[in-house]
Asks: 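Take this structure first; my questions come after.
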Amino acid sequence: MAVVTRFAPSPTGFLHIGGARTALFNWLFTRHHGGVFRLRIEDTDRVRSTQPAIEAIIDGLSWLGVDWDDEIVYQSQRAERHAEVARQLLAAGHAYHCFATQEELAEMREAARREGRPIRYDGRWRDRDPSEAPPGVPPVIRLRAPQEGETVIQDLVQGEVRVGNEHLDDMVLLRADGTPTYMLSVVVDDHDMGITHVIRGDDHLNNAFRQAHVFLGMGWELPAFAHIPLIHGPDGSKLSKRHGALGVDAYRDMGYLPEAMRNYLLRLGWGHGDEEIIDTERAIELFDLDGVGRSPARFDMVKLTNLNGHYMREAEDGRLVDLIWPHLQALVAPHPLSEAARDLLVRAMPGLKVRAKTLVELASSAAFYVRPRPLPMDEKAAKLLDPEAKQLLRDLAPRLEGIDDWTETEAEARVRSFAEDQGKKLGKVAQPLRAALTGSTTSPGIFEVMALLGREETLARLRDAAA
RNA sequence: GACCCCAUCGUCUAGUGGUUAGGACACCGGCCUUUCACGCCGGCAACACGGGUUCGAAUCCCGUUGGGGUCGCCA
């Protein structure tokens with residue numbers, strides 16, 4: 001049977017890390033098996049669901065490179081179908097009207113809590129005749145869940161999980177206003193969409209037992225379930241905004257590459273022997289549910305950053321320049337960036353990208369190449385350019401002016417011979433030179449910088465710094 | 001509180017009855033070197049605890065502890 005999966009976020013905020021990983025696992029699993037991956041927006045909570053959130057989720061998935069098949073299903077548009085199923089369940093005796101008021105239920109829960117009893121609907125309308133209904137109370141429809149025996153879920157990640165039916169309660173399927181609840185909607189949609197594998201967060205494991213009885217009541221076949229462990233914060237507690245439960249867009253803004261994020265998320269809760277660096281093609285080839293671990297994993301920004309450094313080094317130079325362009329523009333503003341600047345940056349990328357771990361770092365380390373003179377000096381660089389160093393640079397300048405064949409090799413030869421003539425170690429000359437040319441004490445190889453900058457710009461910066 | 005899930009280096013993980021318990025990130029040394037990175041070499045570091053089962057347990061069973069999740073007319 002062909003695999004059909006779905007990612008079903010509720011649009012009440014951005015696409016956070018946990019959701020992104022759930023989407024990724026679904027997508028990888030589906031692509032691995034050559035199935036269909038669908039996107040369903042669970043916007044039945046009309047108050048909390050927003051259009052910007054829907055867009056943020058779609059943007060997040062697109063950035064991640066997770067694409068879906070078929071049109072997006074909006075759960076809110078299927079309310080009538082959901083209500084119809086509730087009525088069918090009612091007609092078949094698998095559901096019943098409950099006339100308990102919200103106040104009554106709150107009181108019931110409070111009493112249960114006080115007495116230390118399980119907090120759960122007590123089934124007070126389960127066997128009562130609707131003719132006993134109090135006047136003026138619109139009823140909800142509740143599932144008539146079994147009270148004896150046990151419910152067993154064969155979870156593809158968690159294994160066999162069983163719970164005694166006495167622990168199940170009669171959940172609300174249709175609200176008093178006639179709108180369906182999430183518990184009903186998911187089941188109906190998963191069935192109608194032909195979902196074969198429900199891969200979602202562990203927080204839904206308990207729901208699976210209850211949802212199973214909706215499937216059963218309708219005579220529908222149960223999908224396979226795979227409940228993946230949640231992602232925790234660095235301290236082991238639930239991942240919160242404080243930790244990094246940010247939207248994936250925040251990571252994009254911090255300068256992370258989507259392929260790095262994909263690799264990181266993949267390895268968080270899934271493993272394949274000793275393989276660490278796994279690109280998307282390889283991930284699709286390898287990914288399956290049996291490799292998913294059962295324990296929660298902590299989010300580790302440092303490891304993400306390391307992976308990002310790896311993928312930056314692998315990234316194509318032109319693409320990197322495109323990605324840092326907006327950052328760069330902001331850094332050199334109001335000075336505009338030219339086409340020539342772009343070419344220069346592309347050529348400079350190999351030396352730059354091995355030294356940066358994020359695009360933001362890359363942008364700031366690249367800026368000196370395209371900044372207008374006079375170059376701003378950072379504190380260490382300024383300090384380095386003492387009178388002695390300036391004199392050295394003044395003496396060096398004439399040795400460079402005569403070079404017609406301005407190459408890295410030639411520049412290196414001239415600087416080295418100059419240092420030798422001065423009786424100085426190369427570093428004594430190279431560091432002031434670096435400060436003058438880059439405004440910093442760290443940079444790519446200084447001869448590479450000279451070659452890329454060109455003779456006139458190099459000389460001009462030298463003069464600026466020696467003044 | 002009830003129910004469910006989980007437990008190997010600091011972190012992510014490999015390991016499915018017999019291994020010097022492996023890899024990666026981080027950290028600490030060293031090499032390379034004009035700086036910083038990259039790269040390479042080396043080091044530190046774990047089976048939560050207690051009982052079983054077994055000739056033998058990180059691996060199987062039970063319990064304890066710890067962590068997490070769920071108990072809405074939210075999703």
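Convention: sequence-line order gives letters A, B, ...; per-chain numbering from 1.
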Asks: Any donor-acceptor pair, under 3.5 Å, between the side chain of A:K357 and the base of B:rA37, if you only look at N and O atoms?
Replies: no
Asks: Would you measure the distance from the P atom in B:rU16 across to the matching atom in B:rU59 and give it in whole Å?
Replies: 13 Å
Asks: Which part of the nucleic acid, if any, lies within contact of A:M183, taking any heavy atom under 4.0 Å across all strands shown: a base, the sugar-phosphate backbone alone, or nothing?
Replies: base
Asks: Would you classify A:A176 as touching base, sugar-phosphate or nothing, given that sugar-phosphate means primed atoms plus P, OP1 and OP2, and contacts are heavy atoms under 4.0 Å?
Replies: base
Asks: Should B:rG50 form a Watson-Crick or G-U wobble pair with both distances under 3.5 Å, which nucleotide is its partner?
Replies: B:rC62
Asks: Does A:I119 reach a base, just sugar-phosphate, or nothing at all? Heavy atoms under 4.0 Å.
Replies: base
Asks: Mind checking the C1' distance from B:rU8 to B:rG67? Whole angstroms is fine.
Replies: 16 Å
Asks: Between A:E379 and A:K383, does any side-chain N to carboxylate O distance fall below 4.0 Å?
Replies: no
Asks: NA contact type, A:F447, heavy-atom cut-off 4.0 Å: base, sugar-phosphate, or nothing?
Replies: base
Asks: Could you check A:P296 against A:N207 and say which one's nearest nucleotide on RNA chain B is further toward the 5' end?
Replies: A:P296
Asks: On RNA chain B, nearest-nucleotide positions of A:R117 versus A:S295: which is more 5'?
Replies: A:R117
Asks: Can you check the distance between B:rG66 and B:rG50, where both ends of the measurement are the C1' atom (answer in whole Å)?
Replies: 14 Å
Asks: I'd like the P distance from B:rG72 over to B:rA48, given in whole Å.
Replies: 35 Å
Asks: How would you label the contact of A:T442 with the nucleic acid (heavy atoms, under 4.0 Å): base, sugar-phosphate, or nothing?
Replies: base
Asks: How would you label the contact of A:G269 with the nucleic acid (heavy atoms, under 4.0 Å): base, sugar-phosphate, or nothing?
Replies: sugar-phosphate
Asks: In whole angstrom, what separates A:H272's NE2 from B:rG23's P?
Replies: 18 Å
Asks: Does any donor-acceptor pair link the side chain of A:D274 with the base of B:rG22 at a separation under 3.5 Å?
Replies: yes
Asks: With a 4.0 Å cut-off on heavy atoms, is A:P229 in touch with a base, just the backbone sugar-phosphate, or nothing at all?
Replies: nothing
Asks: Can you see if the side chain of A:R267 gets near the phosphate of B:rA24 - specifically, an N or O under 4.0 Å from OP1 or OP2?
Replies: no
Asks: For residues A:N263 and A:E259, is any side-chain donor paired with an opposing acceptor at under 3.5 Å?
Replies: no
Asks: Between A:N306 and B:rA26, is there a contact of a side-chain N or O with OP1 or OP2 at under 4.0 Å?
Replies: yes
Asks: Using a strict threshold of under 4.0 Å (side-chain N to carboxylate O), is an ion pair present between A:E457 and A:R461?
Replies: yes
Asks: With heavy atoms under 4.0 Å as the rule, sort A:R298 into base, sugar-phosphate or nothing.
Replies: sugar-phosphate
Asks: Could you please name the partner base of B:rC3, counting Watson-Crick and G-U wobble pairs only when both distances are under 3.5 Å?
Replies: B:rG69
Asks: Within the 4.0 Å heavy-atom criterion, would you say A:H204 contacts the bases, only the backbone, or no part of the nucleic acid?
Replies: base
Asks: Looking only at atom C1', what distance separates B:rG29 and B:rU34, rounded to whole Å?
Replies: 23 Å
Asks: How close or far is atom P of B:rU70 from atom CD of A:Q158, stated in whole angstroms?
Replies: 14 Å
Asks: Once you apply a heavy-atom cut-off of 4.0 Å, does A:A100 come out as touching a base, just sugar-phosphate, or nothing?
Replies: base
Asks: At what distance, to the nearest 0.5 angstrom, does CZ of A:F7 lie from CG of A:L24?
Replies: 10.5 Å
Asks: Would A:F25 and A:F287 count as a ring-ring contact (aromatic ring centres under 6.0 Å, His included) if you check the C-alpha gap in whole Å, the side-chain angles of each, and the deciding distance to 0.1 Å?
Replies: CA-CA 8 Å; A:F25 279 19; A:F287 189 84; 5.0 Å; yes
Asks: Using a strict threshold of under 4.0 Å (side-chain N to carboxylate O), is an ion pair present between A:R81 and A:D189?
Replies: no
Asks: Paired with B:rC55: which nucleotide, if any, by Watson-Crick or G-U wobble criteria at under 3.5 Å for both distances?
Replies: B:rG18
Asks: When you check the phosphate oxygens OP1 and OP2 of B:rC3, does a side-chain N or O of A:R210 lie under 4.0 Å from one of them?
Replies: no
Asks: Pull out every residue in residues 42-49 of chain A that has a heavy atom closer than 4.0 Å to any atom of RNA chain B, ordered by number, or say none.
Replies: A:E42, A:T44, A:D45, A:R48
Asks: How is A:K425 classified with respect to the nucleic acid when contacts are heavy atoms under 4.0 Å: base, sugar-phosphate, or nothing?
Replies: nothing
Asks: State the pairing partner of B:rU33; accept Watson-Crick or G-U wobble contacts with both distances under 3.5 Å, and report none otherwise.
Replies: none
Asks: Between A:K380 and A:D378, is there a side-chain N and carboxylate O pair less than 4.0 Å apart?
Replies: no
Asks: Determine the interatomic distance between P on B:rC40 and the same-named atom on B:rA45; round to the nearest Å.
Replies: 24 Å
Asks: Heavy atoms under 4.0 Å, any strand shown: does A:L268 hit a base, just sugar-phosphate, or nothing?
Replies: sugar-phosphate
Asks: Which nucleotide, if any, forms a Watson-Crick or G-U wobble pair with B:rG42, using both distances under 3.5 Å?
Replies: B:rC28
Asks: Counting neighbours of CD on A:Q51 that are heavy atoms of other residues, nucleotides or ligands and sit closer than 6.0 Å, is the number greater than 12?
Replies: yes
Asks: Between B:rA37 and A:R313, is there an OP1 or OP2 to side-chain N/O distance shorter than 4.0 Å?
Replies: no
Asks: Provide the distance between the two P atoms, one in B:rG42 and one in B:rG23, to the nearest whole Å.
Replies: 10 Å
Asks: Aromatic contact between A:F299 and A:Y264, with the criterion being ring centroids under 6.0 Å apart: yes or no?
Replies: yes
Asks: Think A:K424 has a side-chain N or O under 4.0 angstrom from the OP1 or OP2 of B:rU34?
Replies: no
Asks: When you compare B:rG22 with B:rA58, how far apart are their P atoms, in angstrom units rounded to a whole number?
Replies: 14 Å
Asks: For the pair made of CG in A:L184 and P in B:rG72, what is the distance, rounded to whole Å?
Replies: 17 Å
Asks: According to a strict under-4.0 Å criterion, is A:R109 in side-chain N/O contact with OP1 or OP2 of B:rG72?
Replies: yes
Asks: Report which part of the nucleic acid A:V140 touches: base, sugar-phosphate, or nothing (heavy-atom distance under 4.0 Å, all strands).
Replies: base
Asks: With respect to the phosphate group of B:rC38, does any side-chain polar atom (N or O) of A:R355 fall under 4.0 Å of OP1 or OP2?
Replies: no
